[in-house]
Amino acid sequence: MIHFISKRLKHSLVLLFLASLVCFTLVVSAPGNVAVLIAELRGAVATPGYVEQVAEEIGLNKPLLMRYVDWLGDAVRGDFGISYRTGQDVSADLANRMLVTGILIAGSAAIATLISLALGFLGAFWPYKLPDRASRGLALLGASTPTFFVGALMIYAFSVTFQLLPSFGFAGPQSWILPWLTVAVLPAAVLSRVVRVGLEEAMASPFVLTAKSKGLGRTTILFREALPNITPLFINALGTQVGLMTATAIIVEPLFAWQGVGDYFLAGVRFRDFMVVQACLLIFLTFFIVVNLIVDLAVLLTDPRIRRQWS
Amino acid sequence: MHDEPLLNVSNLTVNLLTAKSAVRPVDGVSYSVRQGECLAIVGESGSGKTVMNFAPLGLMPTGVTTILSGSVKLEGRELIGLPEAEIQKLRGKSVGFIFQDPMSALNPVRRIGRQIAEMAELHLTMTPRAAEARALELVKLVGISDPAARLRQYPHELSGGLRQRIVIAIALAGEPKLLIADEPTTALDVTVQAQILRLLKDVQRRLNMGMVLITHDMGVVAGAADNIVVMYAARAAECGPVDKVLVNPRHPYTKGLINAIPRKEDPIGSEFRGLPGVPPTLGAPIRGCAFAPRCELAVATCSRNRPPMVPTGDGNVSVACPVVNQGKAAA
């Protein structure tokens with residue numbers, strides 16, 4: 001177990017380093033010159049001379065390798081530099097925003113888990129009957145509706161029409177519900193299929209015949225025999241979906257005027273604010289890697305066959 | 001002996017309907033098992049031996065409609081027409097099942113102890129703690145070393161033979177009166193087969209249970225069974241006490257089966273003696289005797305009328321073959 005964790009941690013560090021290289025390369029090779037934008041932002045006329053001066057000032061003229069080493073060296077110490085646009089400390093900005101995005105993703109993941117298990121079990125309990133067809137239809141609808149549209153529908157339904165929930169802002173649990181639901185729709189749809197198909201497959205296994213021969217009822221078999229068998233599968237799929245939620249956050253946070261990492265990233269991209277973009281990318285990648293690590297550990301705990309290889 | 005057999009099957013017919021097809025894997029078969037008795041059901045793959053025993057107890061795959069006719073009486077209680085909820089109560093409690101492949105018959109992600117103990121909780125209404133103790137007893141009963149450690153293990157940590165012992169322990173946990181063992185040794189190593197068969201025979205005698213042993217291994221039949229039913233293409237060809245049927249087979253199919261067993265005297269490298277032809281498919285209804293196309297004794301009437309099971313007068317042996325029965329009548 002310890003061996004497994006230390007090995008996976010080492011892998012993760014290597015992965016993170018490679019990821020940082022990719023982020024940096026992507027960002028510096030993006031078109032556009034931030035020095036021009038900064039010059040304009042300062043209200044000056046962007047003459048070539050002034051732009052050159054700005055570039056020199058913010059270190060754009062240093063060799064790429066130097067810039068990368070400087071940036072990474074600071075980043076591992078938690079210093080992501082100063083935003084070109086606002087002049088604020090990126091790390092300080094991110095600290096607050098990570099909490100916001102964390103709340104968004106945690107809540108959505110929980111909701112997606114509950115909804116997908118409910119829909120999946122509904123389908124597995126009455127296979128090919130009405131509940132199954134309904135849950136399949138919902139899944140298809142949920143998986144094929146774009147998230148920004150889902151968000152707009154949520155606002156239209158719950159804020160405008162029924163006036164139950166606030167349409168934007170980050171002010172306590174009531175204002176969290178709509179963003180949570182919006183982000184949860186797609187993963188819930190995808191995961192419900194994972195649950196439904198996984199359960200059907202498990203219910204066709206020979207050990208379910210054994211369970212039936214023991215005199216266990218269908219509900220007991222579903223929960224006691226089939227569910228533990230699909231748990232590792234479900235955790236894997238959930239991990240992927242949670243990782244992808246960072247991408248959804250970029251769409252949903254601006255929609256609900258949440259000052260999260262996704263919103264920060266979008267603002268950074270618009271302004272070629274490399275410091276912000278790089279920091280956000282690195283945070284997203286770290287999050288993805290950590291989620292994967294947790295998934296592997298959880299699978300290890302839920303599947304004795306895999307556990308054995310590492311003990 | 002007792003008047004009432006433990007299991008009495010008469011004229012059982014099973015029709016299976018799927019979305020696309022209808023088949024009759026069991027066609028008018030009768031047999032019975034008394035307490036403390038072992039009945040072997042022999043036949044090739046697809047001859048209906050498993051369906052015949054599983055269908056009346058509701059162990060059919062979902063998506064298949066099972067239509068039963070005839071009569072299946074367990075301890076005098078008619079199973080055909082009994083609602084599934086009632087049959088569910090009998091499974092595990094009155095009838096224990098042992099399956100062919102112990103590698104897949106146990107749930108891979110649950111501890112062995114739980115898989116045995118839940119039977120005791122369900123059927124003997126024990127507390128989880130008492131059920132654990134019962135599981136330990138059972139694991140000892142089926143001859144597993146280091147029983148306490150085994151209960152904490154998962155199926156993949158055990159060998160095939162040990163797993164089959166666990167499956168047997170599960171089948172025994174509800175204190176059933178009847179065991180149905182579906183080719184319990186087929187998936188095991190040859191060396192382990194004999195041990196498992198001996199164990200089954202031993203627990204069956206000790207607990208005085210009835211046992212139905214489904215197999216296609218004549219060695220297993222000779223070693224374990226009291227009576228035998230030989231199945232061919234969904235029908236019974238011959239039945240009777242093992243010592244009579246194996247020593248003096250009457251039906252041409254039974255003869256062929258026994259003749260096909262390799263013998264010591266066979267020269268090394270000689271061909272196996274098989275039966276000519278292939279068994280019929282179960283889709284089409286069969287007129288007359290199902291074995292007639294492959295039978296060397298067949299006469300014209302064989303493919304016209306279905307031969308009935310007729311007692312031969314020799315110690316409960318019955319044969320469904322007009323030629324054999326005719327010969328007896330003539331003699």
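A note on names: the letters A, B, ... follow the listed sequences, proteins ahead of strands, and every chain is numbered from 1.
- Of the N and O atoms on the side chains of B:Arg150 and B:Gln153, at least one donor lies less than 3.5 Å from an acceptor on the other residue.
- If you take CG on B:Leu188 and CD on B:Gln100, they are separated by 9.5 Å, rounding to the nearest 0.5 Å.
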Exercise for review: Would you check, one step at a time, whether the test salt bridge (charged side-chain N to carboxylate O under 4.0 Å, His left out) holds for B:Glu137 with B:Arg134?
Suggested key: CA-CA 5 Å; B:Glu137 254 172 57; B:Arg134 165 97 178 126; 3.7 Å; yes
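- Using a 4.5 Å cut-off between heavy atoms, B:Met60 contacts chain A through its backbone alone, with no side-chain atom that close.
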Point to revise | Test side-chain hydrogen bond (donor to acceptor under 3.5 Å, both in side chains) applied to B:Asp182 and B:Asn53, step by step | key: CA-CA 9 Å; B:Asp182 182 16; B:Asn53 286 284; over 6 Å; no
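- The structure places CD1 of A:Ile294 at 11.0 Å from CZ of A:Arg8, a figure rounded to the nearest 0.5 Å.
- Proximity to chain A at a heavy-atom threshold of 4.5 Å picks out B:Glu157, B:Ile170 from residues 157-170 of chain B, in numerical order.
- Between the side chain of A:Arg196 and the backbone N or O of A:Arg136 there is no donor-acceptor pair closer than 3.5 Å.
- Contact of the B:Val109 side chain with the A:Arg305 side chain is registered, since non-hydrogen atoms from C-beta on lie closer than 4.5 Å.
- Applying the salt bridge (Lys or Arg N to Asp or Glu O under 4.0 Å) test to residues at least two apart or on different chains, the pairs with a partner in residues 48-66 of chain B are B:Lys49-B:Glu183.
- Pairs of residues two or more places apart, or lying in two chains, that qualify as ring-ring contact (aromatic ring centres under 6.0 Å, His included) and include a residue from residues 193-242 of chain A are A:Phe121-A:Phe223.
- In terms of non-hydrogen atom pairs under 4.5 Å with chain B, the most contact-rich of A:Pro228, A:Pro127, A:Ser205 is A:Pro228.
- Counting all heavy atoms, side chain and backbone alike, A:Arg307 lies closest to A:Leu301 at NH1-O, 2.9 Å.
- Heavy-atom pairs under 4.5 Å with chain B peak, among A:Asp303, A:Thr231, A:Thr302, A:Leu216, at A:Leu216.
- With respect to chain A, the highest number of heavy-atom pairs below 4.5 Å among B:Gly174, B:Pro61, B:Gly58, B:Ala105 belongs to B:Ala105.
- Of the atoms belonging to A:Ser213, heavy atoms from both backbone and side chain fall under 4.5 Å from chain B.
- For the side-chain contact (heavy atoms from CB on, under 4.5 Å) with B:Ile180, the qualifying choice from B:Ile41, B:Val212, B:Val33 is B:Val212, the only one to do so.
- Contact annotation for B:Pro108: both backbone and side-chain heavy atoms come within less than 4.5 Å of a heavy atom of chain A.
- Taking 4.5 Å as the heavy-atom cut-off, the residues of residues 119-127 of chain B that approach chain A are B:Met119, B:Leu122, B:His123, ordered by number.
- With values rounded to the nearest 0.5 angstrom, A:Trp180 atom CH2 is found 12.5 Å from A:Ile105 atom CD1.
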